[in-house]
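Below is one structure, written out as structure tokens; the observations come after it.
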Amino acid sequence: MSGRAVLTLGSATFAMEAWESICRQHEVDILPREELPDHTSVANAIAEIVAARAAAGKAPYVAFIWFFDTWKYGPFNENMLGPLIRNGCRLVCGLGAGYDIADIAYLTNQGTYYCNTPTAITVSTANGALMLILAATRAASQGELLTRAGKWRGDVPANTIPLGEDIQGMTLGIIGLGSIGKALAVRAKACGMNIIYYNRRRVAESEENGATFVTFDELLAKADVISVNCPLTPETRHFLGPAEFSKMKTGVFIVNTARGPIIDEEALVQALQSGKVSRVGLDVFEQEPDIHPGLLDPSMTYRVNFQPHMTGRTRQAFCDAELQLFESLEDFMNGKRPRYAVNTLPM
Ligand SMILES: O=CC(=O)O
């Protein structure tokens with residue numbers, strides 16, 4: 001035992017060997033996720049366990065790790081983490097590639113690292129994005145609904161339902177060529193798409209995977225399919241709004257597997273209603289778990305393809321994510337900068 005204590009919200013489910021090793025090496029206390037349904041209950045549980053530990057004269061927790069189900073618990077901010085941080089917790093690790101759910105500025109000011117699991121969900125999310133590109137272009141939701149209604153192809157006149165489109169030869173515009181965008185480019189290329197991308201900075205040619213760097217306006221004007229793959233930041237909130245939709249091709253397909261607020265959902269609904277946007281594939285929504293009523297309207301049934309923020313969730317991805325959490329913890333416990341820290345601490 002290292003004699004250093006770690007608090008976790010939930011526990012590992014997939015990388016069990018590594019988890020058991022962590023539990024043998026350090027003192028690990030687990031807050032039971034099943035009994036803690038939301039932010040407030042977790043905040044209260046943290047405050048109680050930290051106070052109880054201090055009252056018992058035990059050394060404070062140096063690290064906090066949370067597993068799974070981010071939207072229920074966020075934000076991971078001072079309100080929730082304050083008692084831990086004030087008592088010397090210097091590492092917070094959260095499962096997931098995106099870290100908009102954590103107050104990074106607060107943690108940095110307090111001298112605490114925040115670590116994500118940056119590449120664990122790359123393959124699953126890129127595959128999920130391709131799945132939604134195919135679902136949107138092929139109007140996949142109608143197949144499911146017609147099958148359930150017992151309507152076979154002969155029962156549905158061809159001109160009453162949208163016909164699918166083949167993506168071969170279409171131009172895919174990827175917004176954000178990070179690891180997921182790059183993995184998507186490889187997959188879309190294999191399907192015969194031409195790939196253009198917009199990123200804050202052009203990425204090294206060797207990493208473009210056949211995608212061509214263009215300006216944002218050029219991407220909007222040229223893409224037949226737009227896939228959102230950038231992080232949510234103050235700059236990317238409502239990155240696609242009324243002005244951007246007006247610059248797109250009529251009949252464009254939109255796919256979002258990144259974060260809901262990057263698209264102004266009201267503007268998206270209007271663009272669907274006007275026919276500017278043909279169909280969408282959405283894994284993320286602006287106000288999760290709520291969905292804009294315009295997207296749920298029966299008139300949109302065949303034009304929307306939904307996933308409940310789960311394209312990143314595969315068994316392999318979760319196993320890798322847990323391993324990445326443990327790698328950061330191990331670095332930290334060995335006095336090194338955690339390898340997946342997203343922030344740099346002031347000296
Ligand atoms: O949305 C999922 C993630 O950020 O990992």
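If you read the sequence from its start, that first residue is 1, and numbering goes on from there. Read the numbers this way: they start at 1 and go in the same order the structure lists the ligands and their atoms.
Among protein heavy atoms, atom 5 (O) of ligand 1 sits closest to Ala97 N, 2.6 Å.
Below 3.5 Å of separation, one finds an N or O of Gly98 facing an N or O of ligand 1. Polar contact with ligand 1: absent for Gly96 (N/O pair, distance under 3.5 Å).
A cation-pi arrangement is absent between Arg279 and Tyr302 under the rule of less than 6.0 angstrom and at most 45 degrees off the ring axis.
Close approach to His309 involves these atoms of ligand 1, each under 4.0 Å from a residue heavy atom: 1 (O), 2 (C).
Atoms OH and SG, on Tyr198 and Cys230 in that order, are 9.5 Å from each other to the nearest 0.5 Å.
Looking only at distances, a side-chain donor or acceptor of Glu288 sits under 3.5 Å from a matching main-chain atom of Phe285.
By the neighbour-count criterion of 12 heavy atoms within 6.0 Å, atom CZ of Arg200 is sparsely surrounded, having that number or fewer from other residues, nucleotides or ligands.
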